[in-house]
Structures are given as C-alpha cells and as structure tokens.
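Computed over heavy atoms, backbone and side chain alike; hydrogens, waters and symmetry mates excluded. Just follow the structure's listing: the first ligand is 1, and inside any ligand the first atom is 1.
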Amino acid sequence: MSLITVNNSSNFHYTWLQRCAGNIIRYGCTTRPKHIAIVMDGNRRFAREHNFERSRGHTLGADKLFDVCQWCYDLGINELSVYAFSLENLKRSQDEIDTLMSIARLKLSEIEKSLEKIHEQQICIRIIGNLDLLPDDIRQSSYYLMNETDQYKNFILNVCFYYTSRNEITNIIKDLIKGYQKDLINISDIDDDLIMQSLIVSTSHTGHLPDIFLRTSGELRLSDFMLLQCRFSMWIFADVYWPAFNIWHLYWIILQYEMKSKTLINIQNQCKDILKENQIMNEEKTQRIKTYLDWLEQQRTERLKL
Ligand code: FPP
C-alpha cells in the first residue's frame, strides 16, 4: 500500500531484493538520516534524452517525488524538503511556468483526494515559500492541506514554491521587525539561535534540519536552496536525472551517510554547544521567544489565505 496514492504511475512495488536491502538499511544502520532536502533537477534533460515532451519530464519528476516519499517513509526517514519551484524559475517561459503550475495543481488535488489515507498515516504536508505568488486556486488548496494535516508527525513533506534562501532570510528579518513592533520580542532577543529557530523547517514538528542535501542531475550547485538549514548537512550530488532516480540510488546515499554520520553529528553537536554557552536564557526570554515563534508559524499559514 503506498503512502500517498496520488496516481497509478507512482504505485511502486518492491522486488524481493529491494525489500531485503531496505530492511538491512532500516534495521542495520546505526544512524539513519531523519530529514533529506532535495533539489529535484534534470526533468527537462531526461525528457530530451528520451524524446518526450518537456511537460512529460516534469510530470515524471512529480510522480518520482511520491515514490521517494514512500521509500523514505519505509526506511524510517520522516521528513523530506523539496525544491518544487524556485524564484529563479520565474525566468522560464510563461508556457513552462503554466505547465509546472498545472502539474502542481493536479498533484495537490490528487493529494486532497487521498486525504483519508493521509489522516490515517498521519502525514503532514507543508507548502513553503513566497506564497503570495502562487495562483489563487493552488494557494487555496495548499492552505486547506496544511490546515488539515498540521498536527501530524509521522512523516513531513515540505514542498518549496517560489522559494530561495535569500528570500526566506529577507522574510525572517521583516517578521523580526514586525515581532519587535508588536512587542513580542526585544532587540536583545535577536541572535543566531532565534534566526535558526525562525527558519521554516525549524518550525515543523520535528524541527530537525536536513541531514542530507541531495541534488540530482550531476550539477554541482546549491541554487540557493536551504543554505542555512544545510550548513552541516552531508552534500550529495547524484549523477542521475531526477525522473530516473531509483531506490538503489537512495540506498547508496543512506549508506554513504552511515559512513560519515559520526563526524557530521559531532560537528553539529559542537556547534550547538558553542551556541548554548553564549546564551543567557531567562524564563521571561524563553516565554517571549516561544510566543514569537507561535505567532510566526500562525502568520505563515495565514499568508496562504486569500
Ligand atoms: C528541475 O528540472 C525541476 C523543476 C524546476 C520542477 C520540479 C517540480 C515538480 C516535479 C512539481 C512538483 C509539484 C508538487 C505539488 C509536488 P529542470 O526543469 O531544471 O530540468 P533541467 O535541469 O534538465 O533543465
């Protein structure tokens, strides 16, 4: 049974060997990643290579995302953040932007149709980014899905639309100013830690930053995706176009993480300790920060309202 049955083409079935390898990884790895951030790159090149229409490349890419959600869920990885549409993608032709939005519209409506199953499996869907730019109907269904699923923690899917890290940081600064003007926080409350806590993935139920940053298609670029969130992640650049990404690629990535995780986790902990040492938290400040972060999360969902 698949996690989100969004269409017939993404109903993935494991072979015996894939299931065996998956169980070995799930129960044998000492440290599994909890959160993976993905730049799903290479849809158009995949289409060109196979003489498909460009739109078919994007559709196959969207289907692949739901397979990958299933594989991650089965492996015990419970959060994925994906770059569905960057602010830079606005430079593409109107025709291509319309195609991408139609695919997004279709996928969101398919997710809505499988809502019963999503409730059953307790999956949280979060739409992230400069959401004012989304077409009204996509904004409306994003708002609906986020509201319906925001209490769940079993698996979290963060889909980034009209997103760049630069833009996220700009919005965090604007929100801090608003928070100060509303007397929610003091200027002295603004520090590295508050900026990190204000990042959109930090306000998810897990608050766990990505352990792995993955980009497909062989390009060695970060493309302004979750730069602060991924500063201690393991960066993996897979030489495969996104629609051709398969379960063996994912298994291989997790094994690579297993080999390097001790060093990565040590570095992350050292950084946490440095921050803690520099922090003088009193109860009042802790309460202010909590109130501010609750307000921030509410603001972000409200922005999806038309
Ligand atoms: C990168 O390939 C892919 C994109 C710009 C779009 C990805 C978006 C989706 C798959 C839609 C997902 C929607 C939902 C609601 C989950 P590219 O076009 O840059 O290909 P290229 O690198 O070969 O040029």
N/O donor-acceptor pairs under 3.5 Å from side chains in residues 94-106, not counting sequence neighbours:
| from | atom 1 | to | atom 2 | distance (Å) |
| --- | --- | --- | --- | --- |
| Q94 | NE2 | D98 | OD1 | 3.0 |
| E96 | OE1 | R44 | NH1 | 3.1 |
| E96 | OE2 | H58 | NE2 | 2.9 |
| E96 | OE2 | R92 | NH1 | 2.9 |
| T99 | OG1 | D95 | O | 2.9 |
| S102 | OG | D98 | O | 2.9 |
| R105 | NE | D137 | OD2 | 2.4 |
| R105 | NH2 | D137 | OD1 | 3.4 |

Between N171 and N167, is the side-chain hydrogen bond (donor to acceptor under 3.5 Å, both in side chains) condition met? List the steps. CA-CA 6 Å; N171 289 334; N167 188 255; 3.2 Å; yes
Closest protein heavy atom to atom 23 (O) of ligand 1, given as residue, atom name and distance to 0.1 Å: R45 N, 2.7 Å
In the protein, what heavy atom is nearest to atom 6 (C) of ligand 1, and what distance, to one decimal place, separates them?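 The closest one turns out to be A84 O, 3.3 Å.
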May I ask you to check whether [X] has an N/O atom sitting below 3.5 Å from an N/O atom of ligand 1?
X	value
D41	yes
Y83	no
K107	no

May I ask you to list the atoms of ligand 1 that are less than 4.0 angstrom from any heavy atom of [X]?
X	value
N89	5 (C)
L65	16 (C)
R92	5 (C), 17 (P), 18 (O), 19 (O)
M40	1 (C), 2 (O), 3 (C)
G61	10 (C)

Are F237 and F213 close enough that some pair of their side-chain heavy atoms sits under 4.5 Å apart?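 Yes; the side chains approach each other to less than 4.5 Å.
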Measuring from the heavy atoms of S217, does anything fall under 4.0 Å of ligand 1?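 S217: no contact with ligand 1 (<4.0 Å).
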Side chain, backbone, both or neither: which part of H58 has a heavy atom under 4.0 Å from ligand 1? both
Quick test of your reading: applying salt bridge (charged side-chain N to carboxylate O under 4.0 Å, His left out), list the pairs with at least one residue in residues 76-90, sequence neighbours left out, ordered by first then second residue.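 Listed by first then second residue: E88-K91, E88-R166.
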Would you sort out whether F161 and F85 count as a ring-ring contact (aromatic ring centres under 6.0 Å, His included), showing the intermediate values? CA-CA 5 Å; F161 277 113; F85 195 87; 7.1 Å; no
Is E219 salt-bridged to R45, going by a charged N under 4.0 Å from an acidic O?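 Looking at E219 and R45, the cut-off is met.
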Are the charged groups of D63 and K107 less than 4.0 angstrom apart, N to O?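 Looking at K107 together with D63, the answer is yes, because their closest N to O distance falls below 4.0 Å.
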Parallel, tilted or perpendicular, as decided by the 30° and 60° cut-offs, for the rings of F245 and W242: parallel
